[in-house]
Amino acid sequence: MSDAPAVTPTPTWGEVFPWFREVMAEDDAWYVGQVDSKTDTGTARLAEAAVTRLKSLPVGRLFPAVRRVERLDELGWPKHRLLNALHRGGCFTGDDLSYMVIAEMLSWESVGPIIVKQILEVVALEEIRVSSAR
């Protein structure tokens, strides 16, 4: 028996985000690759798909790991205005955000698709982080 730690294979985008393959076109099957490849591009595409095609769903259904975040300000927000938008929308914890429907986020004052997309990119990174830690 070897003393080397077991190597856990890096999950694919489709494994971390099973809903994603349902909304992507068959000819756009890059999501079968591992999550560590093209992370910025991948999270942007995930967020775009959520904002344009899955508006009627709550954030926690697409990104269940967000429920574990005790305070949203603990996540790495590239722009402070994203966190401000969440706070104005009544989201202070991951649980608050998990019940928020994307369409409702789009109706917040001074918040449009770009802001919601950027918020969901951060949430997607948290999902990847939790998935990679398993």
Side-chain angles (χ1 to χ4, degrees):
M1 183 167 221
S2 172
D3 289 339
V7 176
T8 306
T10 304
T12 65
W13 289 95
E15 290 169 337
V16 177
F17 305 99
W19 56 269
F20 194 46
R21 68 183 110 199
E22 294 175 20
V23 297
M24 295 306 293
E26 286 296 321
D27 58 340
D28 191 20
W30 66 271
Y31 57 84
V32 298
Q34 294 181 328
V35 234
D36 60 354
S37 62
K38 301 177 185 167
T39 302
D40 292 340
T41 302
T43 56
R45 291 177 91 171
L46 282 162
E48 180 71 24
V51 169
T52 59
R53 301 178 191 177
L54 303 169
K55 293 176 191 171
S56 64
L57 295 178
V59 173
R61 181 142 175 227
L62 302 173
F63 308 100
V66 75
R67 289 185 184 102
R68 299 180 187 161
V69 177
E70 289 186 31
R71 294 175 35 172
L72 289 174
D73 57 358
E74 294 172 354
L75 297 179
W77 298 99
K79 299 173 184 165
H80 194 66
R81 69 180 181 184
L82 303 177
L83 188 58
N84 286 341
L86 287 167
H87 289 170
R88 284 192 312 270
C91 296
F92 297 91
T93 67
D95 202 45
D96 295 337
L97 182 55
S98 73
Y99 290 104
M100 189 61 59
V101 173
I102 294 169
E104 187 174 346
M105 293 173 71
L106 291 165
S107 72
W108 292 344
E109 185 178 340
S110 301
V111 173
I114 292 171
I115 297 292
V116 174
K117 181 180 169 285
Q118 291 173 341
I119 289 169
L120 295 180
E121 287 175 28
V122 172
V123 174
L125 286 173
E126 178 63 10
E127 192 74 34
I128 291 168
R129 188 193 67 74
V130 168
S131 179
S132 299
R134 290 182 196 151

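Count residues from 1 along the sequence.
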Next on the checklist: So, applying side chain to side chain contact (heavy atoms under 4.5 Å, CB included) with V51, which one of L106, I115, I114 is it?
Outcome noted: L106
Item to check | Partner set under ring-ring contact (aromatic ring centres under 6.0 Å, His included) for F17, not counting sequence neighbours | outcome: F63
Checklist entry - Any donor and acceptor pair, going by atom type alone, linking the side chain of W19 with main-chain N or O of A50 inside 3.5 Å? => result no
Next on the checklist: Is the shortest side-chain heavy-atom distance between V111 and V116 below 4.5 Å?
Outcome noted: yes
Item to check | CG-CG distance between L75 and L86, expressed to the nearest 0.5 angstrom | outcome: 9.5 Å
Item to check | More than 12 heavy atoms from other groups under 6.0 Å of CZ on R61 | outcome: no
Item to check | Non-neighbouring partners of F92 that pass ring-ring contact (aromatic ring centres under 6.0 Å, His included), sequence neighbours left out | outcome: H87
Checklist entry - Just how far is it from atom CG of L120 to atom CG of L82, taken to the nearest 0.5 Å? => result 10.0 Å
Next on the checklist: Assigning hydrophobic clusters by single linkage (Ile, Leu, Val, Met, Phe, Trp, Tyr; side-chain heavy-atom cutoff under 4.5 Å), is L57 placed with W108?
Outcome noted: yes
Checklist entry - When clusters are formed by joining ILVMFWY residues with side-chain heavy atoms under 4.5 Å apart, either directly or through shared neighbours, do L54 and V101 land in the same one? => result no
Checklist entry - If you measure from the Lys or Arg side-chain nitrogens to the Asp or Glu carboxylate oxygens, is any gap between E126 and R129 under 4.0 Å? => result yes
Checklist entry - Quick check: does any side chain N or O of S131 sit under 3.5 Å from a backbone N or O of I128, one acting as donor and the other as acceptor? => result no
Next on the checklist: One pair to check against side chain to side chain contact (heavy atoms under 4.5 Å, CB included): E109 and R88. What are the steps and the verdict?
Outcome noted: CA-CA 9 Å; E109 185 178 340; R88 284 192 312 270; 5.9 Å; no
Checklist outcome for this item: Distance col, row S56:OG vs E104:CD, nearest 0.5 angstrom, shows 13.0 Å
Item to check | side chain to side chain contact (heavy atoms under 4.5 Å, CB included) evaluation trace for T52 with E48 | outcome: CA-CA 6 Å; T52 59; E48 180 71 24; 3.2 Å; yes
Checklist entry - At their closest point, which heavy atom of D96 faces which heavy atom of C91, and how far apart are they? => result CB-CA, 3.7 Å
Checklist entry - Any side-chain heavy-atom pair from V59 and S98 closer than 4.5 angstrom? => result no
Checklist entry - Can you tell if the side chain of L83 reaches within under 4.5 Å of the side chain of L72, non-hydrogen atoms only? => result yes
Next on the checklist: Looking at every heavy atom in both R68 and V130, which two are closest together, and how far apart are they?
Outcome noted: NH1-CG1, 2.9 Å
Item to check | Under 3.5 Å: donor-acceptor pair, side chain of E127, backbone of A65 | outcome: yes
Item to check | Spacing of N84 atom CG and K79 atom NZ [to the nearest 0.5 Å] | outcome: 13.0 Å
Next on the checklist: Using side chain to side chain contact (heavy atoms under 4.5 Å, CB included), reason through L62 and I102 one step at a time and then give a plain yes or no.
Outcome noted: CA-CA 10 Å; L62 302 173; I102 294 169; 3.7 Å; yes
Next on the checklist: Rounded at 0.5 Å granularity, tell me how far CG in L97 sits from CD1 in I119.
Outcome noted: 7.5 Å
